[in-house]
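Proteins get letters first, then strands, A, B, ... in listed order; numbering begins at 1 in each. Hydrogens, waters and symmetry mates are skipped; everything else that's a heavy atom, side chains included, is used.
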Amino acid sequence: MRAEDYIEGLLRDILQEKGLQWPDKTVIEPPRDKRFGDVACNVALVAAGQAKRKPRELADEICTLAMERGDLLDKVETAGPGFLNFTLTPLFWQRTVNQVLEQGDAYGKCDVGKGRRVQIEYVSANPTGPLHVGHGRGAAIGDSLTRILRTANYDVATEYYINDAGRQMLLLGMSVLARCKQQSGQDIPFPEDGYKGDYIGDIAAALLRERPDLLKANSDEEAERICQEYAVADISAGIRADLDAFRVEHEVWFSEKSLVDAGAVEKTLEGLKKRGLAYDKDDAFWFKSTEFGDDKDRVLRKSTGYLTYLASDITYHENKYDRGFSLVVDVWGADHHGYIPRMKAAVQALGRDPEDLQVVLVQLVNLLRGGEPVAMSTRAGTFVTLQEVVDEVGADAARFLFLSRRSDSPLDFDLEVAKQQTMENPVYYVQYAHARICSLMRKAAERDLSLEENARGDNGILGRLDSEEDMLLLKQIARFSDAVDGAARGLSPHIVSYYLQELAGAVHRYYTVHQVLAASDGDVIRARLLLMSAAAQVVRNGLALLGVNAPESM
RNA sequence: GCGCCCGUAGCUCAGUCGGAUAGAGCAUCUGCCUUCUAAGCAGACGGCCCGGGGUUCGAAUCCCUGCGGGCGCGCCA
């Protein structure tokens with residue numbers, strides 16, 4: 001049980017007895033300063049008004065009552081303007097070792113989601129070129145969010161939206177066809193807005209090898225279609241392989257084209273019009289997004305007759321809700337932030353609460369090498385691909401670094417630092433804590449100090465975990481569920497990353513101060529082994545939320 | 001011009017549904033390996049939380065305003 005929950009239970013009883021309402025503004029949390037105890041609460045401050053009492057006096061009364069009935073309370077104090085500071089008994093914290101060992105991989109699970117069905121759509125890069133570093137950050141975030149939300153008891157489905165309809169597909173076909181012709185000796189100009197990357201030439205060459213008669217046997221139009229289909233298939237396969245190597249999985253690959261071809265978009269537009277949320281103007285067809293707070297209305301069908309991207313995107317989101325997801329999370333590049341108001345408007349037009357759509361914005365990745373920026377341009381085709389980065393620094397380091405900042409702030413990613421196995425690279429700091437403990441366990445096994453026997457909830461020996469470092473580590477372990485909870489509520493994987501660095505710090509400190517296997521007597525050795533085992537379990541569970549491996553030796 | 005995000009230690013950043021003396025890592029300096037992995041630990045140094053107003057018992061956090069930086073503003077996707 002969390003310390004905060006234990007205290008809240010106590011306080012609720014006391015307030016009820018005093019005939020006071022539980023104030024909404026009550027905060028129960030570990031205080032910033034450790035000298036204020038394990039848990040601090042402002043309830044006397046925020047309830048003073050309704051009690052018609054001075055905060056300090058009310059606090060003193062609650063203090064006395066809490067001390068009387070809190071079996072696991074060591075100390076309660078009032079402080080400052082009327083804060084209540086609680087210190088729990090060592091036993092309370094020592095019990096967490098058993099909780100961790102009993103629950104194992106399940107330790108840290110919480111019920112923020114209450115089984116709510118949620119879909120996370122992420123990466124969703126156009127199949128017009130390989131994934132680059134920025135996509136990698138989005139991939140790491142989407143995948144980690146999936147793991148975090150599942151741990152918080154959300155029913156999560158993952159999806160990749162393939163933008164395989166529209167103009168950029170035509171452009172892709174034209175680009176490949178142009179390269180085919182050039183490689184066949186024709187001196188023709190390359191399309192102005194075409195995709196210039198080297199991979200287009202590679203695709204063209206491969207296609208020509210497979211279909212030597214491509215240019216002769218087909219009309220330009222037909223050849224272009226073949227080029228497009230071939231290129232999309234080739235690039236999509238590459239994207240899947242890249243994501244696979246990055247250990248990122250999408251359960252569903254959803255085709256935009258399939259929506260358009262099935263007439264679903266037309267149906268959505270009709271529905272909007274019927275409800276008076278869309279109208280004709282200037283030969284175009286408009287969505288009345290201003291009805292729901294957008295700056296201006298948006299075009300759904302251009303005067304040329306073509307649908308806009310927004311039109312199919314609305315349909316896509318309607319489709320998501322129709323499939324039974326009550327919460328939809330979209331992970332987008334931050335350059336799409338201007339698109340949020342119209343999508344929120346669309347969600348409302350579909351009859352949903354705007355909160356049923358959560359957009360996680362992922363800021364730019366600045367790729368550096370030894371502190372110097374690496375030049376990148378998609379247009380010129382000089383970008384660094386995700387695959388290159390993963391090959392160079394490994395999936396673990398890349399994922400951890402991508403997840404070590406809040407997603408909406410820009411990230412400097414230095415390839416040299418990512419490769420370094422030093423403290424500048426926090427992933428090794430965390431993994432090393434795990435490897436060190438595993439090494440201890442191996443040594444313990446050699447000496448027949450089997451943990452199986454010890455893990456049977458013997459609180460007697462856990463009482464030997466009574467030093468300052470024991471308490472620090474125990475409390476840090478117990479805080480894991482807070483990290484999961486916070487990360488799930490805020491859709492913020494970086495909270496787990498920060499937590500793990502602190503946990504690893506507590507482990508390393510402990511390891512340096514206390515000899516585990518050379519302790520004074522057998523009970524202390526066994527107790528410390530149990531503690532270490534629990535710490536390793538939580539490191540593993542935390543890293544699992546980030547999709548990073550926990551090696552047993554390094 | 002309008003909108004969104006950002007401005008915290010020399011550097012990179014946490015902390016922002018208001019709480020007590022503002023945190024971490026890196027860098028710099030000082031210590032710690034004949035003993036469980038030194039990829040580690042301990043300590044020191046380092047701050048007008050961009051400036052200015054306001055709200056209140058209390059502001060890095062909320063509001064207004066100025067400055068500085070990033071991004072977006074299409075019948076593009």
Side-chain angles (χ1 to χ4, degrees), chain A residues 24-25 27 29 31-33 35-36 40-42 45-46 48 55 79-83 85 126 128 163 165-169 171 193 256 281-286 295-313 333-341 361 363-364 366 371 404-406 408-412 414 417 420-433 435-444 446-447 469 489-490 492 494-495 497-499 501-502 504-505 507-519 525 528-529 532 553-554:
Chain A
D24 291 340
K25 286 160 79 179
V27 175
E29 61 185 8
R32 204 166 286 173
D33 192 324
R35 285 176 310 168
F36 294 129
C41 183
N42 64 350
L45 287 170
V46 291
F83 287 102
N85 295 329
N126 294 348
T128 55
N163 296 126
R167 204 174 68 95
Q168 82 273 13
M169 285 298 101
L171 216 52
D193 299 327
E256 178 188 10
K281 187 185 134 195
D282 302 337
D283 296 327
F285 187 63
W286 297 71
D295 299 338
K296 50 186 280 196
D297 290 347
R298 308 290 172 175
V299 172
L300 294 168
R301 192 200 317 282
K302 300 177 249 183
S303 53
T304 57
Y306 285 105
L307 296 168
T308 62
Y309 179 82
L310 176 64
S312 54
D313 220 9
D335 53 344
H336 287 68
H337 69 77
Y339 198 73
I340 294 175
L361 291 179
Q363 267 287 3
L364 235 61
N366 300 313
S404 64
R405 297 264 179 280
R406 24 181 314 149
D408 60 356
S409 85
L411 173 70
D412 288 339
D414 195 310
V417 173
Q420 277 173 31
Q421 305 192 352
T422 69
M423 241 326 284
E424 268 187 80
N425 192 352
V427 65
Y428 290 103
Y429 184 74
V430 175
Q431 290 182 319
Y432 183 43
R436 267 182 146 178
I437 295 174
C438 288
S439 172
L440 273 181
M441 295 303 151
R442 283 191 295 271
K443 288 241 160 46
E446 284 168 18
R447 299 185 197 180
E469 291 77 23
R489 284 180 204 279
S492 304
H494 79 276
I495 290 176
S497 165
Y498 273 87
Y499 168 80
Q501 292 179 62
E502 283 175 22
V507 169
H508 287 311
R509 198 170 310 126
Y510 193 91
Y511 186 92
T512 307
V513 175
H514 296 291
Q515 291 278 309
V516 173
L517 296 173
I525 294 177
R528 287 182 180 172
L529 279 172
M532 287 291 105
S553 66
M554 291 171 70

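Nucleotides B:rA22 and B:rC13 place their C1' atoms 14 Å apart, quoted to the nearest Å. A distance of about 34 Å separates the C1' atoms of B:rC11 and B:rG54, rounded to the whole Å. When the C1' atom is used for both B:rC48 and B:rA9, the distance is 13 Å, rounded to whole Å. Between B:rC75 and B:rC71, the two P atoms lie 23 Å apart (nearest whole Å). Using atom P as the reference point in both B:rG68 and B:rU28, the two lie 35 Å apart (nearest Å). With C1' as the reference atom, B:rC45 and B:rC50 are 24 Å apart, rounded to whole Å.
Here the side chain of A:Arg405 pairs no donor or acceptor atom with the backbone of A:Pro410 at under 3.5 angstrom. Looking only at distances, no side-chain donor or acceptor of A:His508 sits under 3.5 Å from a matching main-chain atom of A:Tyr432. Using a distance-only test at 3.5 Å, with no hydrogens or angles considered, a donor-acceptor pair links the side chain of A:Asn42 to the main chain of A:Val27.
Taking atom CG on A:Asp408 and atom C1' on B:rC4, their separation rounds to 11 Å, with Å as the unit. Atom CZ in A:Arg405 sits about 14 Å away from atom P in B:rG25, given to the nearest Å. We find that CD of A:Glu502 is positioned 11 Å from P of B:rG15, with the value rounded to whole Å. Rounded to an integer number of Å, the gap from CZ of A:Arg298 to P of B:rA77 is 13 Å. Following rounding to the nearest Å, A:His514 (NE2) and B:rU37 (C1') show an atom-to-atom distance of 19 Å. Distance A:Leu517 CG to B:rU35 P: 15 Å, rounded to the nearest Å. Atom CZ of A:Phe285 is separated from atom P of B:rC75 by 15 Å (rounded to the nearest Å). For the pair A:Arg167 CZ and B:rC75 P, the interatomic distance rounds to 14 Å; values are reported in whole Å.
Side-chain nitrogen and oxygen atoms of A:Lys281 include none within less than 4.0 Å of the OP1 or OP2 phosphate oxygen of B:rC75. Contact annotation: A:Lys443 side-chain N/O to B:rU35 OP1/OP2 distance is not under 4.0 Å. Close to B:rA42, at under 4.0 Å from its OP1 or OP2, lies a side-chain N or O of A:Arg509. Within the 4.0 Å cut-off from OP1 or OP2 of B:rU16, not a single side-chain nitrogen or oxygen of A:Arg406 is found. Residue A:Arg436 has a polar side-chain atom (N or O) positioned under 4.0 Å from OP1 or OP2 of B:rA38. Phosphate contact (OP1/OP2 of B:rC73, side-chain N/O of A:Lys296, threshold under 4.0 Å): absent.
Classified by interplanar angle (parallel below 30°, tilted 30° to 60°, perpendicular above 60°), the ring pair A:Tyr339/A:His336 is perpendicular.
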Worksheet item: Where do A:Asp412 and A:Val417 land on the side-chain contact (heavy atoms from CB on, under 4.5 Å) test, with the steps shown first?
Response: CA-CA 10 Å; A:Asp412 288 339; A:Val417 173; over 6 Å; no
Worksheet item: Would A:Thr128 and A:Gln168 count as a side-chain hydrogen bond (donor to acceptor under 3.5 Å, both in side chains) if you check the C-alpha gap in whole Å, the side-chain angles of each, and the deciding distance to 0.1 Å?
Response: CA-CA 8 Å; A:Thr128 55; A:Gln168 82 273 13; over 6 Å; no
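Of the listed nucleotides (B:rC75, B:rC71, B:rA20), B:rC71 has the atom at the smallest distance from the side chain of A:His337. The side chain of A:Tyr339 sits closest to B:rA77 out of B:rU37, B:rC4, B:rA77. Nearest to the side chain of A:His336, among B:rG3, B:rA77, B:rG19, sits B:rA77. Distances from the side chain of A:Tyr511 to the nucleotides B:rU37, B:rA20, B:rC13 place B:rU37 closest. For A:Ala435, counting side-chain heavy atoms from C-beta on, the closest listed nucleotide (B:rU37, B:rA77, B:rC75) is B:rU37. Among B:rU12, B:rU37, B:rA20, the nucleotide with an atom closest to any side-chain atom of A:Pro31 is B:rA20. You'll find that the side chain of A:Tyr428 is closest to B:rA39, out of B:rA20, B:rC75, B:rA39. In the set B:rG72, B:rC75, B:rA14, the nucleotide with an atom closest to the side chain of A:Ser409 is B:rA14. Checking B:rA77, B:rC41, B:rC36 against every side-chain atom of A:Thr512, the shortest atom distance belongs to B:rC41. Listed candidates were B:rC75, B:rU16, B:rA20. Nearest to the side chain of A:Trp286 is B:rC75.
The partner of B:rU61 cannot be assigned: no Watson-Crick or G-U wobble pair with both contacts below 3.5 Å exists in any strand. Pairing for B:rG74 is absent, with no Watson-Crick or G-U wobble pair whose two atom distances lie under 3.5 Å. Nucleotide B:rG23: paired with B:rC13 (Watson-Crick or G-U wobble, both distances less than 3.5 Å). B:rU35 is unpaired under the criterion used here, namely a Watson-Crick or G-U wobble arrangement in which both key atom distances are under 3.5 Å. Under the Watson-Crick and G-U wobble criteria, each requiring two contacts below 3.5 Å, nucleotide B:rC49 is left unpaired. A 3.5 Å limit on both hydrogen-bonding distances identifies B:rG43 as the Watson-Crick or G-U partner of B:rC29.
More than 90° away from 0 lies the glycosidic angle of B:rC48, which makes this nucleotide anti.
Mapping A:Leu440 and A:His494 onto RNA chain B by nearest heavy atom places A:His494 at the nucleotide closer to the 5' end. The residue among A:Asp412 and A:Leu361 whose nearest nucleotide of RNA chain B is located toward the 5' end is A:Leu361.
In the displayed structure, A:Arg442 atom CZ is contacted under 6.0 Å by more than 12 heavy atoms of other residues, nucleotides or ligands.
Under the stacking criterion of a centre-to-centre distance below 5.5 angstrom and an interplanar angle below 30°, A:Phe36 sits stacked against the six-membered ring of B:rA20. Between the side-chain ring of A:Tyr498 and the base of B:rA24, no stacking contact exists by the 5.5 Å and 30° definition.
Distance CZ/A:Arg406 to CG/A:Leu411: 13.0 Å, rounded to 0.5 Å. Residue A:Lys443 holds its NZ atom at 12.5 Å from SG of A:Cys438, rounded to the nearest 0.5 Å.
Nucleic acid contact for A:Ser303: base, since at least one base atom lies under 4.0 Å from a heavy atom of the residue. Contacts of A:Asn85 with the nucleic acid, taken as non-hydrogen atoms under 4.0 Å apart, include base atoms. Within 4.0 Å of A:Gln168, counting heavy atoms only, lie sugar-phosphate atoms of the nucleic acid but no base atom. Counting non-hydrogen atoms under 4.0 angstrom, A:Ala79 reaches a base of the nucleic acid. Across all strands, A:Asn126 comes closer than 4.0 Å only to sugar-phosphate atoms, never to a base (heavy-atom distances). Residue contacts shown for A:Pro410 are limited to sugar-phosphate atoms, with no base heavy atom under 4.0 Å away.
No donor-acceptor contact under 3.5 Å links the side chain of A:Asp335 to the base of B:rA77. Below the 3.5 angstrom threshold, one finds no donor paired with an acceptor across the side chain of A:His508 and the base of B:rC41.
The shortest side-chain heavy-atom distance between A:Thr304 and A:Asp283 does not fall under the 4.5 Å cut-off.
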